[in-house]
Amino acid sequence: MSSADQAVEATNDQLIQSTDPEHPANLIPELCRKFYNWGWVTGTGGGTSIRHGDHIFIAPSGVQKELMKSENIFVLQWPTAKYPAEARNYIRKPLKLNPSACTPLFLTAFEQGAGCCIHTHSQWAVLVTLLVEREKGPDACFEISTIEQIKGIPRGKGKGMLGYHDTLSIPIIDNTAFEEDLTSGLEAAMKKYPDTYAVLVRRHGIYVWGDNVAKAKTQCESLDYLFQLAVEMHKLGLPWVK
Ligand SMILES: CSC[C@@H](O)[C@@H](O)C(=O)COP(=O)(O)O
Ligand SMILES: [Zn+2]
């Protein structure tokens with residue numbers, strides 16, 4: 001991000017100024033630095049958004065996500081219109097920046113009661129979408145069973161966590177030319193799989209959400225671990241479901 005972009009920021013700066021490291025305006029840049037190092041948000045792709053009370057904190061679009069600063073963060077009053085984009089109620093808008101193209105997808109997760117939504121371009125997520133498509137067809141979910149880390153994924157809202165003997169299923173939707181256009185696919189997948197906390201996007205990555213930041217992050221980590229394991233198992237000719 002150039003220094004010109006950071007030069008003048010919009011009003012309501014108090015919304016993003018806090019000495020608390022857990023404040024969303026401090027957490028989003030900190031998380032994105034970690035996500036960059038894990039290969040989740042390289043080359044400006046991917047990102048994360050947090051709902052804190054009646055405020056939604058959103059990163060800017062097209063920036064190096066690992067270099068983002070709290071003063072670059074947009075704040076939306078929640079609830080807000082999802083469409084059209086102009087109807088969204090921004091109460092802090094950094095000048096010379098645009099809000100993430102993932103905004104309507106993040107808002108879709110918040111409509112489901114999420115407190116945080118993470119979008120990654122993890123290569124493991126992309127690879128499992130390609131393997132599932134080749135082995136099972138375009139309408140199939142990613143499925144894996146009898147791996148300990150499955151216990152890191154919820155069974156559904158208020159239903160506890162999956163068990164070792166359960167099968168984890170993550171729906172896969174088709175990619176679109178523009179990030180915003182994924183929203184209807186995400187909404188449809190959430191409707192068809194009401195217990196899911198994640199949706200894979202073919203040849204693109206994944207959206208993972210959680211009731212709060214810690215849950216979204218640990219669920220995203222568990223899924224990424226399982227995707228990497230699945231790719232390695234596939235290379236060894238081992239099945240994902242017993
Ligand atoms: C490498 S460009 C990736 C973008 O098109 C998109 O897929 C993405 O994940 C990030 O969008 P952004 O608007 O920068 O938050
Ligand atoms: Zn993306």
Side-chain angles (χ1 to χ4, degrees), residues 1-2 5-6 16 24-25 27-51 56-76 80 82-86 88 90 92-110 114 116-130 133 142 170-190 197-209 213 216-217 219-220 223-224 227:
M1 192 171 305
S2 75
D5 288 338
Q6 295 172 25
I16 50 89
L27 254 188
I28 289 176
E30 171 68 16
L31 286 171
C32 282
R33 277 192 288 278
K34 289 191 194 325
F35 296 167
Y36 176 81
N37 289 327
W38 301 341
W40 289 6
V41 299
T42 50
T44 79
T48 188
S49 178
I50 295 173
R51 185 177 67 77
I56 305 281
F57 294 79
I58 301 240
S61 181
V63 303
Q64 298 175 77
K65 301 283 169 29
E66 76 283 11
L67 300 184
M68 191 196 315
K69 295 188 168 56
S70 55
E71 59 261 35
N72 306 136
I73 302 282
F74 289 74
V75 185
L76 274 164
T80 186
K82 200 155 57 172
Y83 294 111
E86 305 73 50
R88 290 177 203 145
Y90 288 98
R92 183 176 192 274
K93 225 172 176 175
L95 301 178
K96 298 187 180 171
L97 291 172
N98 293 311
S100 170
C102 312
T103 298
L105 293 115
F106 292 146
L107 294 178
T108 302
F110 297 135
C116 175
C117 184
I118 299 169
H119 171 44
T120 91
H121 283 197
S122 162
Q123 292 190 7
W124 304 116
V126 174
L127 280 168
V128 294
T129 70
L130 297 176
E133 183 180 32
F142 167 78
I170 306 291
I172 304 173
I173 61 171
D174 276 327
N175 198 25
T176 53
F178 301 101
E179 192 89 19
E180 294 96 332
D181 297 337
L182 290 169
T183 313
S184 56
L186 183 73
E187 289 167 344
M190 284 173 163
Y197 275 89
V199 172
L200 282 156
V201 184
R202 202 174 341 270
R203 296 177 178 270
H204 183 152
I206 190 166
Y207 279 85
V208 182
W209 54 96
V213 174
K217 176 173 170 286
Q219 286 159 203
C220 201
L223 287 171
D224 206 57
F227 298 150

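Atoms within each ligand, like the ligands themselves, are counted from 1 in listed order. Sequential numbering from 1 along the given sequence is applied to the chain's residues.
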**OP:** Check Glu179, Lys82, Glu180, Arg88 against Thr103 for a side chain to side chain contact (heavy atoms under 4.5 Å, CB included) and give me the one that passes.
**Re:** Arg88

**OP:** Looking only at protein heavy atoms, identify the closest one to atom 3 (C) of ligand 1 and say how far it is in Å.
**Re:** His121 CE1, 3.6 Å

Subject >> Vertex the Zn ion (ligand 2), rays to OE1 in Glu179 and NE2 in His204 - rounded to 10° >> reply: 80°

**OP:** Kindly say whether the aromatic ring centers of Phe227 and Trp124 come within a distance under 6.0 Å.
**Re:** no

Subject >> Identity and separation of the nearest protein heavy atom to atom 15 (O) of ligand 1 >> reply: Ser100 OG, 2.7 Å

**OP:** Please write down residue, atom name and distance for the protein heavy atom closest to atom 2 (S) of ligand 1.
**Re:** Thr44 OG1, 3.9 Å

Original post:
In terms of side-chain heavy atoms, does Trp40 have a donor or acceptor partner in Asp224 at a distance below 3.5 Å?
Top reply: yes

Original post:
When you measure from the side chain of Ser61 to the backbone N and O of Asn98, does any donor-acceptor pair fall under 3.5 Å?
Top reply: no

Original post:
Within the structure, does Gly62 bring an N/O atom to less than 3.5 angstrom of an N/O atom in ligand 1?
Top reply: yes

**OP:** Ignoring hydrogens and angles, tell me if any N or O in the side chain of Thr80 forms a donor-acceptor pair with the backbone of Leu76 under 3.5 Å.
**Re:** no

Original post:
Okay, side chain of Gln219, backbone of Trp209: is any donor-acceptor separation there less than 3.5 Å?
Top reply: yes

Original post:
Can you tell me the protein heavy atom closest to atom 13 (O) of ligand 1 and the distance?
Top reply: Ser61 OG, 2.5 Å

Original post:
Are more than 12 heavy atoms from other residues, nucleotides or ligands located less than 6.0 Å from atom OH of Tyr90?
Top reply: yes

**OP:** For atom 4 (C) of ligand 1, state which one of His204, Glu179, Glu180 supplies the nearest heavy atom.
**Re:** Glu179

Original post:
Counting each atom of ligand 1 from 1 as listed, which ones have a heavy atom of His119 under 4.0 Å away?
Top reply: 9 (O)

Original post:
Which protein non-hydrogen atom lies closest to atom 1 (C) of ligand 1, naming both residue and atom, and how far is it?
Top reply: Gly43 O, 3.4 Å

Original post:
Is it true that atom CD of Glu133 has more than 12 heavy atoms of other residues, nucleotides or ligands lying nearer than 6.0 Å?
Top reply: yes

**OP:** Decide whether an N or O pair under 3.5 Å exists between Gly45 and ligand 1.
**Re:** no

Original post:
Which atoms from ligand 1 have a heavy atom of Ala101 less than 4.0 Å away?
Top reply: 12 (P), 13 (O), 15 (O)

Original post:
Does Gly46 come within less than 4.0 angstrom of ligand 1, counting non-hydrogen atoms of the residue?
Top reply: yes

Subject >> Nearest neighbour in protein (non-hydrogen) for atom 11 (O) of ligand 1 >> reply: Cys102 SG, 3.9 Å

**OP:** Round to 10° and report the angle made at the Zn ion (ligand 2) by NE2 of His119 and NE2 of His121.
**Re:** 100°

**OP:** With heavy atoms of Lys65 as the reference, note each atom of ligand 1 found under 4.0 Å away.
**Re:** 10 (C), 12 (P), 14 (O), 15 (O)

Original post:
Can you tell me if Lys65 uses its side chain to pair, donor with acceptor, with the backbone of Gly47 under 3.5 Å?
Top reply: no

Subject >> Tyr83 side chain to Thr183 side chain, donor-acceptor N/O pair below 3.5 angstrom >> reply: yes

